[in-house]
Amino acid sequence: MHKETELKLRASRETLAALREHPLLKKRNKSGWQTRELLNQYFDTPERDLSAARVALRLRRDGEVIIQTLKCRGQSVAGLSERNEHEWHLDKVKLDLKKLDATCWPEQLAELDKKTIKPLFTTDFTREYAEIAWGRGKAKVVIEAALDQGFVIAGKRKEEICELELELREGTPEALLELAAELAASLPLMPCDISKAERGYRLLDPDSYELGLPVTELQAEMPLDDAYAALAWQLLGSSQRLAEQYRHNGHWRLLQDWVRCLAELRALTASLGQAAPRPTTRTLRASLDALLEDWRPLVLAGNDDEDIRRAAPEQFAEELEDPRWGQFSLETARWLSARAWTAERKGRGERQGKAQLASWLQHLLGEESRALKLPLYVQRPEDLAEQLPRIECVQTWLHHARQVLDLPQQDRLYGELNKLHELAEQPLVEEGKEELLEARIEQARAIEQNRAWKHLLKA
(Lines give C-alpha, C1' and ligand atoms only; values in the text may rest on other atoms or scores of the structure.)
Protein backbone atom coordinates (compact mmCIF):
# COMPACT_ATOMS: atom_id res chain seq x y z
CA MET A 1 0.00 0.00 0.00
CA HIS A 2 1.11 3.54 -0.64
CA LYS A 3 -0.45 6.98 -0.19
CA GLU A 4 -1.33 8.75 -3.40
CA THR A 5 -1.10 12.55 -3.28
CA GLU A 6 -2.23 14.26 -6.45
CA LEU A 7 -3.83 17.37 -7.87
CA LYS A 8 -6.29 17.20 -10.76
CA LEU A 9 -6.82 20.23 -12.99
CA ARG A 10 -9.52 20.31 -15.64
CA ALA A 11 -8.27 21.85 -18.87
CA SER A 12 -9.10 22.30 -22.54
CA ARG A 13 -7.29 20.61 -25.42
CA GLU A 14 -5.70 23.97 -26.24
CA THR A 15 -4.44 24.30 -22.66
CA LEU A 16 -2.95 20.80 -22.69
CA ALA A 17 -1.11 21.67 -25.90
CA ALA A 18 0.23 24.84 -24.27
CA LEU A 19 1.37 22.88 -21.21
CA ARG A 20 3.58 20.64 -23.32
CA GLU A 21 5.57 23.73 -24.30
CA HIS A 22 5.22 25.69 -21.06
CA PRO A 23 8.63 27.21 -20.14
CA LEU A 24 8.35 26.17 -16.50
CA LEU A 25 7.72 22.51 -17.35
CA LYS A 26 10.30 22.47 -20.13
CA LYS A 27 12.94 23.80 -17.74
CA ARG A 28 12.20 21.16 -15.07
CA ASN A 29 11.35 18.23 -17.37
CA LYS A 30 13.90 15.51 -16.61
CA SER A 31 12.49 12.69 -18.75
CA GLY A 32 10.86 14.25 -21.78
CA TRP A 33 7.21 13.61 -22.62
CA GLN A 34 6.27 9.94 -23.01
CA THR A 35 2.95 8.45 -24.11
CA ARG A 36 0.93 5.42 -23.12
CA GLU A 37 -2.63 4.17 -23.56
CA LEU A 38 -4.49 3.38 -20.33
CA LEU A 39 -7.61 1.21 -20.53
CA ASN A 40 -9.52 1.03 -17.26
CA GLN A 41 -12.53 -1.02 -16.17
CA TYR A 42 -14.25 -0.06 -12.92
CA PHE A 43 -16.27 -2.51 -10.82
CA ASP A 44 -19.03 -2.35 -8.23
CA THR A 45 -22.11 -4.20 -7.08
CA PRO A 46 -25.52 -3.46 -8.64
CA GLU A 47 -26.37 -1.56 -5.44
CA ARG A 48 -23.11 0.47 -5.68
CA ASP A 49 -21.87 -0.72 -2.27
CA LEU A 50 -18.25 0.15 -3.07
CA SER A 51 -19.13 3.68 -4.07
CA ALA A 52 -21.13 4.12 -0.86
CA ALA A 53 -18.03 3.06 1.08
CA ARG A 54 -15.90 5.50 -0.95
CA VAL A 55 -13.93 2.67 -2.49
CA ALA A 56 -12.86 2.49 -6.15
CA LEU A 57 -11.93 -0.87 -7.67
CA ARG A 58 -10.48 -1.09 -11.17
CA LEU A 59 -8.49 -3.15 -13.62
CA ARG A 60 -6.01 -1.17 -15.70
CA ARG A 61 -4.30 -2.35 -18.88
CA ASP A 62 -1.11 -0.39 -19.54
CA GLY A 63 0.41 -1.94 -22.64
CA GLU A 64 1.09 -5.55 -21.66
CA VAL A 65 0.89 -4.78 -17.94
CA ILE A 66 -2.35 -5.55 -16.06
CA ILE A 67 -2.88 -3.90 -12.68
CA GLN A 68 -5.70 -4.35 -10.17
CA THR A 69 -6.13 -1.27 -7.98
CA LEU A 70 -8.16 -0.59 -4.85
CA LYS A 71 -8.39 3.04 -3.81
CA CYS A 72 -9.77 3.65 -0.33
CA ARG A 73 -11.42 6.52 1.46
CA GLY A 74 -9.28 9.65 1.52
CA GLN A 75 -9.64 13.40 1.59
CA SER A 76 -9.87 15.85 -1.26
CA VAL A 77 -9.95 19.63 -1.01
CA ALA A 78 -9.69 22.15 -3.82
CA GLY A 79 -8.46 19.47 -6.22
CA LEU A 80 -5.67 18.18 -3.94
CA SER A 81 -6.42 14.62 -2.88
CA GLU A 82 -4.74 12.13 -0.57
CA ARG A 83 -5.84 8.51 -0.24
CA ASN A 84 -4.51 5.03 0.28
CA GLU A 85 -4.00 2.88 -2.79
CA HIS A 86 -3.38 -0.88 -3.10
CA GLU A 87 -2.04 -2.37 -6.34
CA TRP A 88 -1.50 -5.91 -7.63
CA HIS A 89 0.03 -7.00 -10.95
CA LEU A 90 -2.04 -9.74 -12.59
CA ASP A 91 -1.40 -12.27 -15.33
CA LYS A 92 -4.72 -11.77 -17.12
CA VAL A 93 -7.50 -9.22 -17.50
CA LYS A 94 -9.74 -10.70 -14.83
CA LEU A 95 -10.55 -9.39 -11.39
CA ASP A 96 -8.81 -11.35 -8.64
CA LEU A 97 -11.21 -11.27 -5.70
CA LYS A 98 -8.78 -13.18 -3.48
CA LYS A 99 -6.56 -10.09 -3.35
CA LEU A 100 -9.35 -8.20 -1.61
CA ASP A 101 -8.70 -9.60 1.85
CA ALA A 102 -8.75 -8.10 5.34
CA THR A 103 -5.39 -6.38 4.83
CA CYS A 104 -6.98 -3.89 2.45
CA TRP A 105 -10.73 -4.46 2.30
CA PRO A 106 -12.79 -1.87 4.29
CA GLU A 107 -14.35 -3.24 7.44
CA GLN A 108 -17.76 -1.81 6.53
CA LEU A 109 -17.78 -4.12 3.47
CA ALA A 110 -16.77 -7.22 5.42
CA GLU A 111 -20.17 -8.89 4.91
CA LEU A 112 -20.38 -8.07 1.21
CA ASP A 113 -20.61 -11.00 -1.20
CA LYS A 114 -17.71 -10.15 -3.51
CA LYS A 115 -19.15 -12.37 -6.22
CA THR A 116 -21.77 -9.67 -6.83
CA ILE A 117 -19.05 -7.26 -8.00
CA LYS A 118 -19.42 -6.67 -11.76
CA PRO A 119 -18.00 -4.32 -14.46
CA LEU A 120 -19.69 -0.92 -14.38
CA PHE A 121 -17.97 1.63 -16.65
CA THR A 122 -14.67 2.38 -18.38
CA THR A 123 -12.24 5.30 -18.41
CA ASP A 124 -9.98 4.94 -21.42
CA PHE A 125 -7.49 7.68 -22.20
CA THR A 126 -4.12 8.59 -23.63
CA ARG A 127 -1.59 9.83 -21.08
CA GLU A 128 1.40 11.98 -21.92
CA TYR A 129 3.61 12.10 -18.88
CA ALA A 130 6.93 13.47 -17.73
CA GLU A 131 9.02 13.66 -14.56
CA ILE A 132 9.19 17.24 -13.33
CA ALA A 133 11.91 17.88 -10.74
CA TRP A 134 13.51 20.89 -9.10
CA GLY A 135 15.09 22.05 -5.89
CA ARG A 136 12.82 23.77 -3.38
CA GLY A 137 15.06 25.23 -0.70
CA LYS A 138 17.19 22.35 0.52
CA ALA A 139 14.61 19.75 -0.50
CA LYS A 140 14.12 18.03 -3.82
CA VAL A 141 10.69 17.91 -5.44
CA VAL A 142 9.68 15.26 -7.97
CA ILE A 143 6.24 15.37 -9.58
CA GLU A 144 4.80 13.31 -12.38
CA ALA A 145 2.88 15.59 -14.72
CA ALA A 146 0.30 13.77 -16.84
CA LEU A 147 -1.79 15.17 -19.69
CA ASP A 148 -4.84 12.92 -19.99
CA GLN A 149 -7.25 12.88 -22.95
CA GLY A 150 -10.00 10.34 -23.54
CA PHE A 151 -13.50 9.41 -22.39
CA VAL A 152 -15.47 8.02 -19.48
CA ILE A 153 -18.06 5.62 -20.91
CA ALA A 154 -21.01 4.21 -18.99
CA GLY A 155 -23.45 2.37 -21.22
CA LYS A 156 -24.55 4.80 -23.93
CA ARG A 157 -23.36 7.85 -22.01
CA LYS A 158 -19.88 9.32 -22.15
CA GLU A 159 -17.93 12.35 -20.91
CA GLU A 160 -14.65 13.72 -22.19
CA ILE A 161 -11.48 13.44 -20.10
CA CYS A 162 -9.20 16.42 -20.59
CA GLU A 163 -7.05 17.23 -17.58
CA LEU A 164 -3.64 17.81 -16.10
CA GLU A 165 -2.81 15.47 -13.24
CA LEU A 166 0.11 16.25 -10.95
CA GLU A 167 1.17 13.38 -8.68
CA LEU A 168 3.69 13.91 -5.91
CA ARG A 169 6.62 11.45 -5.99
CA GLU A 170 9.00 13.29 -3.66
CA GLY A 171 8.59 16.43 -1.58
CA THR A 172 5.66 18.08 0.21
CA PRO A 173 2.05 18.62 -0.96
CA GLU A 174 2.68 22.37 -0.90
CA ALA A 175 5.00 21.86 -3.89
CA LEU A 176 2.04 20.53 -5.92
CA LEU A 177 0.02 23.64 -5.14
CA GLU A 178 3.01 25.86 -5.89
CA LEU A 179 3.60 24.35 -9.32
CA ALA A 180 -0.10 24.33 -10.19
CA ALA A 181 -0.52 27.98 -9.15
CA GLU A 182 2.42 29.04 -11.31
CA LEU A 183 0.92 27.23 -14.31
CA ALA A 184 -2.55 28.63 -13.62
CA ALA A 185 -1.26 32.20 -13.59
CA SER A 186 -1.46 32.25 -17.39
CA LEU A 187 -3.53 29.19 -18.33
CA PRO A 188 -7.15 28.28 -17.48
CA LEU A 189 -6.74 25.31 -15.13
CA MET A 190 -9.70 24.39 -12.93
CA PRO A 191 -8.90 22.47 -9.73
CA CYS A 192 -11.21 19.48 -9.88
CA ASP A 193 -12.20 17.29 -6.93
CA ILE A 194 -14.09 14.81 -9.09
CA SER A 195 -12.14 11.67 -9.96
CA LYS A 196 -12.50 9.74 -13.19
CA ALA A 197 -14.38 7.09 -11.21
CA GLU A 198 -16.80 9.66 -9.80
CA ARG A 199 -17.49 10.84 -13.34
CA GLY A 200 -18.45 7.30 -14.31
CA TYR A 201 -20.86 7.03 -11.39
CA ARG A 202 -22.27 10.46 -12.27
CA LEU A 203 -23.01 9.27 -15.79
CA LEU A 204 -24.94 6.34 -14.34
CA ASP A 205 -26.66 8.46 -11.68
CA PRO A 206 -26.55 12.28 -12.01
CA ASP A 207 -27.20 12.69 -8.27
CA SER A 208 -24.32 10.46 -7.17
CA TYR A 209 -21.77 13.30 -7.08
CA GLU A 210 -21.75 14.57 -3.50
CA LEU A 211 -21.59 18.35 -3.38
CA GLY A 212 -21.18 18.67 0.35
CA LEU A 213 -17.93 18.00 2.14
CA PRO A 214 -17.93 16.54 5.67
CA VAL A 215 -19.23 19.20 8.04
CA THR A 216 -16.50 20.81 10.11
CA GLU A 217 -16.94 19.86 13.78
CA LEU A 218 -16.08 22.99 15.71
CA GLN A 219 -15.39 22.87 19.44
CA ALA A 220 -15.94 25.72 21.88
CA GLU A 221 -12.38 25.41 23.23
CA MET A 222 -10.55 25.25 19.88
CA PRO A 223 -8.36 28.22 18.88
CA LEU A 224 -9.81 30.76 16.47
CA ASP A 225 -6.98 30.03 14.01
CA ASP A 226 -7.97 26.38 13.80
CA ALA A 227 -11.67 27.16 13.45
CA TYR A 228 -11.08 29.66 10.65
CA ALA A 229 -8.74 27.29 8.80
CA ALA A 230 -11.24 24.43 8.98
CA LEU A 231 -14.16 26.56 7.78
CA ALA A 232 -12.16 28.25 5.03
CA TRP A 233 -10.94 24.91 3.65
CA GLN A 234 -14.51 23.60 3.71
CA LEU A 235 -15.88 26.64 1.87
CA LEU A 236 -13.10 26.56 -0.72
CA GLY A 237 -13.63 22.86 -1.36
CA SER A 238 -17.41 23.25 -1.51
CA SER A 239 -17.16 26.13 -3.96
CA GLN A 240 -14.96 23.97 -6.19
CA ARG A 241 -17.39 21.07 -6.20
CA LEU A 242 -20.31 23.41 -6.87
CA ALA A 243 -18.43 24.95 -9.79
CA GLU A 244 -17.74 21.48 -11.23
CA GLN A 245 -21.35 20.36 -10.95
CA TYR A 246 -22.78 23.64 -12.31
CA ARG A 247 -20.40 23.37 -15.24
CA HIS A 248 -21.74 19.86 -15.76
CA ASN A 249 -25.51 20.35 -15.52
CA GLY A 250 -26.28 24.09 -15.27
CA HIS A 251 -28.76 23.79 -12.39
CA TRP A 252 -29.42 27.31 -11.12
CA ARG A 253 -29.38 26.44 -7.41
CA LEU A 254 -25.76 25.33 -7.74
CA LEU A 255 -24.71 28.78 -8.95
CA GLN A 256 -26.62 30.37 -6.07
CA ASP A 257 -24.81 28.14 -3.59
CA TRP A 258 -21.45 28.82 -5.28
CA VAL A 259 -21.89 32.56 -4.79
CA ARG A 260 -23.00 31.97 -1.20
CA CYS A 261 -19.81 30.00 -0.46
CA LEU A 262 -17.66 32.83 -1.80
CA ALA A 263 -19.63 35.42 0.18
CA GLU A 264 -19.27 33.38 3.38
CA LEU A 265 -15.52 33.00 2.87
CA ARG A 266 -15.31 36.76 2.37
CA ALA A 267 -17.34 37.44 5.54
CA LEU A 268 -15.30 35.05 7.70
CA THR A 269 -11.99 36.46 6.47
CA ALA A 270 -13.07 40.04 7.11
CA SER A 271 -14.24 39.21 10.64
CA LEU A 272 -10.88 38.09 12.07
CA GLY A 273 -9.74 41.52 13.17
CA GLN A 274 -6.16 41.67 14.44
CA ALA A 275 -5.90 37.88 14.26
CA ALA A 276 -5.50 38.42 10.50
CA PRO A 277 -3.82 41.77 9.78
CA ARG A 278 -5.37 43.35 6.70
CA PRO A 279 -2.17 43.21 4.59
CA THR A 280 -2.13 39.42 4.99
CA THR A 281 -5.69 39.06 3.64
CA ARG A 282 -5.59 41.80 1.00
CA THR A 283 -5.06 39.51 -2.01
CA LEU A 284 -7.71 37.02 -0.93
CA ARG A 285 -10.26 39.76 -0.23
CA ALA A 286 -9.56 41.43 -3.58
CA SER A 287 -9.99 38.15 -5.47
CA LEU A 288 -13.25 37.37 -3.69
CA ASP A 289 -14.53 40.90 -4.27
CA ALA A 290 -13.82 40.64 -8.00
CA LEU A 291 -15.69 37.33 -8.30
CA LEU A 292 -18.61 38.53 -6.20
CA GLU A 293 -18.81 41.84 -8.08
CA ASP A 294 -19.40 39.92 -11.31
CA TRP A 295 -21.54 37.04 -10.11
CA ARG A 296 -23.64 38.23 -7.17
CA PRO A 297 -25.61 40.80 -9.21
CA LEU A 298 -26.17 38.21 -11.93
CA VAL A 299 -27.56 35.70 -9.44
CA LEU A 300 -29.79 38.31 -7.80
CA ALA A 301 -31.16 39.35 -11.18
CA GLY A 302 -31.52 35.77 -12.33
CA ASN A 303 -33.65 34.79 -9.36
CA ASP A 304 -36.52 36.65 -11.03
CA ASP A 305 -35.51 36.40 -14.70
CA GLU A 306 -35.61 33.08 -16.55
CA ASP A 307 -33.68 34.49 -19.53
CA ILE A 308 -30.73 35.29 -17.24
CA ARG A 309 -30.85 31.80 -15.75
CA ARG A 310 -30.82 30.21 -19.20
CA ALA A 311 -27.84 32.31 -20.31
CA ALA A 312 -25.81 31.83 -17.12
CA PRO A 313 -24.23 28.41 -17.93
CA GLU A 314 -22.60 29.83 -21.05
CA GLN A 315 -21.33 32.81 -19.06
CA PHE A 316 -19.96 30.46 -16.42
CA ALA A 317 -18.19 28.45 -19.10
CA GLU A 318 -16.52 31.69 -20.21
CA GLU A 319 -15.44 32.28 -16.60
CA LEU A 320 -13.75 28.88 -16.57
CA GLU A 321 -12.00 29.62 -19.87
CA ASP A 322 -10.24 32.51 -18.10
CA PRO A 323 -7.36 31.83 -15.66
CA ARG A 324 -9.09 33.77 -12.87
CA TRP A 325 -11.06 30.95 -11.17
CA GLY A 326 -8.25 28.42 -11.21
CA GLN A 327 -5.71 30.96 -10.02
CA PHE A 328 -7.99 32.06 -7.18
CA SER A 329 -8.63 28.47 -6.08
CA LEU A 330 -4.99 27.44 -6.09
CA GLU A 331 -3.59 30.61 -4.54
CA THR A 332 -6.20 30.44 -1.79
CA ALA A 333 -5.29 26.81 -1.12
CA ARG A 334 -1.61 27.82 -0.86
CA TRP A 335 -2.53 30.71 1.44
CA LEU A 336 -4.55 28.44 3.73
CA SER A 337 -1.92 25.72 3.72
CA ALA A 338 0.72 28.23 4.87
CA ARG A 339 -1.68 29.88 7.37
CA ALA A 340 -0.51 33.12 5.86
CA TRP A 341 -2.95 35.24 7.91
CA THR A 342 -0.81 34.56 10.97
CA ALA A 343 2.21 36.30 9.45
CA GLU A 344 3.17 39.77 10.65
CA ARG A 345 0.69 39.87 13.51
CA LYS A 346 1.74 41.23 16.87
CA GLY A 347 0.93 40.40 20.47
CA ARG A 348 -2.79 41.17 20.49
CA GLY A 349 -3.29 39.45 17.15
CA GLU A 350 -1.48 36.37 18.45
CA ARG A 351 -3.70 36.31 21.52
CA GLN A 352 -6.83 36.61 19.40
CA GLY A 353 -5.72 33.86 17.02
CA LYS A 354 -5.14 31.52 19.96
CA ALA A 355 -8.29 32.56 21.83
CA GLN A 356 -10.96 29.94 22.45
CA LEU A 357 -13.54 30.09 19.68
CA ALA A 358 -16.64 30.35 21.87
CA SER A 359 -15.45 33.34 23.91
CA TRP A 360 -14.01 35.15 20.87
CA LEU A 361 -17.16 34.54 18.84
CA GLN A 362 -19.51 35.70 21.59
CA HIS A 363 -17.55 38.96 21.77
CA LEU A 364 -17.46 39.41 17.96
CA LEU A 365 -21.18 38.78 17.48
CA GLY A 366 -21.99 41.14 20.33
CA GLU A 367 -19.93 43.92 18.69
CA GLU A 368 -21.42 43.30 15.26
CA SER A 369 -24.99 43.14 16.59
CA ARG A 370 -24.66 46.44 18.41
CA ALA A 371 -22.97 48.09 15.40
CA LEU A 372 -25.80 46.94 13.14
CA LYS A 373 -28.15 49.38 14.95
CA LEU A 374 -31.39 47.78 13.83
CA PRO A 375 -33.60 50.45 15.47
CA LEU A 376 -32.02 52.99 13.12
CA TYR A 377 -33.00 50.95 10.08
CA VAL A 378 -36.53 50.57 11.35
CA GLN A 379 -36.60 54.35 10.88
CA ARG A 380 -34.55 54.30 7.66
CA PRO A 381 -35.25 50.95 5.95
CA GLU A 382 -34.16 52.35 2.58
CA ASP A 383 -30.53 52.36 3.85
CA LEU A 384 -30.47 48.78 5.12
CA ALA A 385 -28.30 47.55 2.21
CA GLU A 386 -25.33 49.47 3.63
CA GLN A 387 -25.29 47.01 6.51
CA LEU A 388 -25.07 43.87 4.35
CA PRO A 389 -21.43 43.16 5.35
CA ARG A 390 -22.36 43.14 9.05
CA ILE A 391 -25.47 41.04 8.45
CA GLU A 392 -23.37 38.55 6.48
CA CYS A 393 -20.75 38.37 9.22
CA VAL A 394 -23.28 37.44 11.91
CA GLN A 395 -25.22 35.23 9.52
CA THR A 396 -22.12 33.27 8.40
CA TRP A 397 -20.79 32.57 11.88
CA LEU A 398 -24.24 31.50 13.07
CA HIS A 399 -24.49 29.21 10.05
CA HIS A 400 -21.24 27.40 10.77
CA ALA A 401 -20.53 27.81 14.47
CA ARG A 402 -23.70 28.36 16.44
CA GLN A 403 -23.19 24.95 18.10
CA VAL A 404 -20.37 26.44 20.19
CA LEU A 405 -22.57 29.26 21.53
CA ASP A 406 -24.90 29.07 24.49
CA LEU A 407 -27.75 31.21 23.17
CA PRO A 408 -31.54 30.68 23.23
CA GLN A 409 -33.44 30.58 19.91
CA GLN A 410 -30.26 30.48 17.80
CA ASP A 411 -31.83 28.56 14.94
CA ARG A 412 -34.71 31.01 14.80
CA LEU A 413 -32.30 33.95 14.81
CA TYR A 414 -30.35 32.44 11.93
CA GLY A 415 -33.56 32.01 9.94
CA GLU A 416 -34.67 35.59 10.67
CA LEU A 417 -31.27 36.95 9.61
CA ASN A 418 -31.55 35.05 6.34
CA LYS A 419 -34.86 36.78 5.66
CA LEU A 420 -33.39 40.19 6.54
CA HIS A 421 -30.40 39.56 4.27
CA GLU A 422 -32.69 38.63 1.38
CA LEU A 423 -34.74 41.82 1.86
CA ALA A 424 -31.59 43.98 2.16
CA GLU A 425 -30.27 42.59 -1.15
CA GLN A 426 -33.41 43.41 -3.10
CA PRO A 427 -33.06 46.64 -5.10
CA LEU A 428 -35.41 49.52 -4.40
CA VAL A 429 -37.43 50.13 -7.54
CA GLU A 430 -40.62 52.13 -7.77
CA GLU A 431 -42.83 49.12 -8.35
CA GLY A 432 -43.18 47.40 -5.00
CA LYS A 433 -40.91 49.84 -3.15
CA GLU A 434 -43.32 50.58 -0.31
CA GLU A 435 -44.04 46.88 0.25
CA LEU A 436 -40.31 46.13 0.37
CA LEU A 437 -39.61 48.92 2.87
CA GLU A 438 -42.44 47.74 5.10
CA ALA A 439 -41.13 44.17 4.94
CA ARG A 440 -37.67 45.37 6.00
CA ILE A 441 -39.15 47.20 8.97
CA GLU A 442 -41.17 44.17 10.08
CA GLN A 443 -38.19 41.86 9.72
CA ALA A 444 -35.88 44.15 11.68
CA ARG A 445 -38.46 44.25 14.46
CA ALA A 446 -38.77 40.47 14.44
CA ILE A 447 -35.02 40.16 15.01
CA GLU A 448 -35.10 42.77 17.77
CA GLN A 449 -37.60 40.58 19.63
CA ASN A 450 -35.50 37.43 19.30
CA ARG A 451 -34.06 36.22 22.61
CA ALA A 452 -30.70 35.27 21.10
CA TRP A 453 -30.39 38.74 19.57
CA LYS A 454 -31.14 40.42 22.89
CA HIS A 455 -28.51 38.20 24.50
CA LEU A 456 -25.91 39.20 21.90
CA LEU A 457 -26.61 42.90 22.37
CA LYS A 458 -25.61 42.50 26.04
CA ALA A 459 -22.50 40.39 25.32
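What you are looking at is a predicted structure, and each value in this text was computed from that prediction instead of being measured.
Side-chain atoms of Leu38 and Asp124, non-hydrogen and from C-beta on, never get closer than 4.5 Å to each other. Between Leu9 and Met190, the closest side-chain pair of non-hydrogen atoms is not below 4.5 Å. At least one side-chain heavy atom of Leu298 sits under 4.5 Å from a side-chain heavy atom of Leu255.
No donor-acceptor distance shorter than 3.5 angstrom exists from the side chain of Trp258 to the backbone of Ser238, with no hydrogens or angles considered. Not one N or O on the side chain of Glu131 forms a donor-acceptor pair closer than 3.5 Å with the backbone of Val142. Side chain of Asn29 to backbone of Gly32: a donor-acceptor contact under 3.5 angstrom is found. When atom types are taken as modelled, the side chain of Asn40 and the backbone of Thr123 share a donor-acceptor pair closer than 3.5 angstrom. Counting only distance, with no hydrogens or angles, the side chain of Asp44 and the backbone of Asp49 share a donor-acceptor pair below 3.5 Å.
Annotation for Arg20: atom CZ counts as buried by contact number, over 12 foreign heavy atoms lying within 6.0 Å. Within a 6.0 Å radius of NZ in Lys30, other residues, nucleotides and ligands contribute more than 12 heavy atoms. Counting non-hydrogen atoms of neighbouring residues, nucleotides and ligands closer than 6.0 angstrom, the CZ atom of Arg278 reaches no more than 12 such neighbours. The local environment of CD in Glu293 is sparse, with at most 12 non-hydrogen atoms from other residues, nucleotides or ligands closer than 6.0 Å. For Glu314, the CD atom is loosely surrounded, since the number of other residues' heavy atoms within 6.0 Å does not exceed 12. Enclosure of atom CD in Glu160 by more than 12 non-hydrogen atoms of other residues, nucleotides or ligands within 6.0 angstrom is indicated.
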Review point. Going through the distances and angles, do Lys26 and Glu21 end up as a salt bridge (Lys or Arg N to Asp or Glu O under 4.0 Å)?
Key: CA-CA 6 Å; Lys26 289 183 75 171; Glu21 303 300 323; 3.4 Å; yes

Exercise for review: Please step through salt bridge (Lys or Arg N to Asp or Glu O under 4.0 Å) for the pair Asp225 and Arg345, ending with a clear verdict.
Suggested key: CA-CA 12 Å; Asp225 282 339; Arg345 65 186 184 189; 2.5 Å; yes

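Salt-bridge check for Asp257 with Arg253: passed, with a basic side-chain N closer than 4.0 Å to an acidic carboxylate O. Residues Arg136 and Glu178 are paired through a salt bridge, judged by an N-O separation under 4.0 Å between the basic side chain and the carboxylate. Taking 4.0 Å as the cut-off between side-chain N and carboxylate O, Lys8 and Glu244 do not count as a salt-bridged pair. Taking 4.0 Å as the cut-off between side-chain N and carboxylate O, Arg48 and Asp205 do not count as a salt-bridged pair. A salt bridge does not link Lys419 with Glu425: none of the charged nitrogens is closer than 4.0 Å to a carboxylate oxygen. Under a 4.0 Å N-O distance rule, the pair Glu318/Arg324 does not qualify as a salt bridge. Classification of Glu165 and Lys196 as a salt-bridged pair holds, one side-chain N sitting under 4.0 Å from a carboxylate O.
Put simply, the residue from Arg10, Arg127, Arg199 that forms a salt bridge (charged side-chain N to carboxylate O under 4.0 Å, His left out) with Glu163 is Arg199. Test Arg241, Arg54, Lys71 against Glu198 for salt bridge (charged side-chain N to carboxylate O under 4.0 Å, His left out) and you get one pass: Arg241.
For the salt bridge (Lys or Arg N to Asp or Glu O under 4.0 Å) test, no residue two or more places apart in sequence or in another chain qualifies with Lys140. Checked against side-chain contact (heavy atoms from CB on, under 4.5 Å), Gln245 has the following partners two or more places apart in sequence or in another chain: Arg202, Tyr209, Leu211, His248, Asn249, Leu254. Considering only residues two or more places apart in sequence or on other chains, Ser271 meets the side chain to side chain donor-acceptor pair (under 3.5 Å) condition with Trp397.
Ring to ring, Trp252 and Tyr246 are not that close: their centroids are 6.0 angstrom or more apart. Taking the six-membered ring for Trp, Tyr42 and Tyr201 have ring centres at least 6.0 Å apart. Here the two rings, on Trp325 and Trp295, have centers that are 6.0 Å apart or farther.
Minimum heavy-atom separation, Leu330 to Ala180: CD1-O, 3.6 Å.
Here the CD atom belonging to Glu422 is positioned 8.0 Å from the CG atom belonging to Asn303, to the nearest 0.5 angstrom. Rounded to the nearest 0.5 angstrom, Thr122 OG1 and Gln41 CD are separated by 6.0 Å.
A donor atom on one side chain and an acceptor atom on the other are not found under 3.5 Å apart for Thr126 and Gln149. Counting only N and O atoms by type, the side chains of Gln234 and Thr216 include a donor and acceptor under 3.5 Å apart. With 3.5 Å as the limit, one finds a donor-acceptor pair spanning the side chains of Thr269 and Tyr228. In summary, the side chains of Gln219 and Asp226 do not present any donor paired with an acceptor at a separation below 3.5 Å, with no hydrogens or angles considered.
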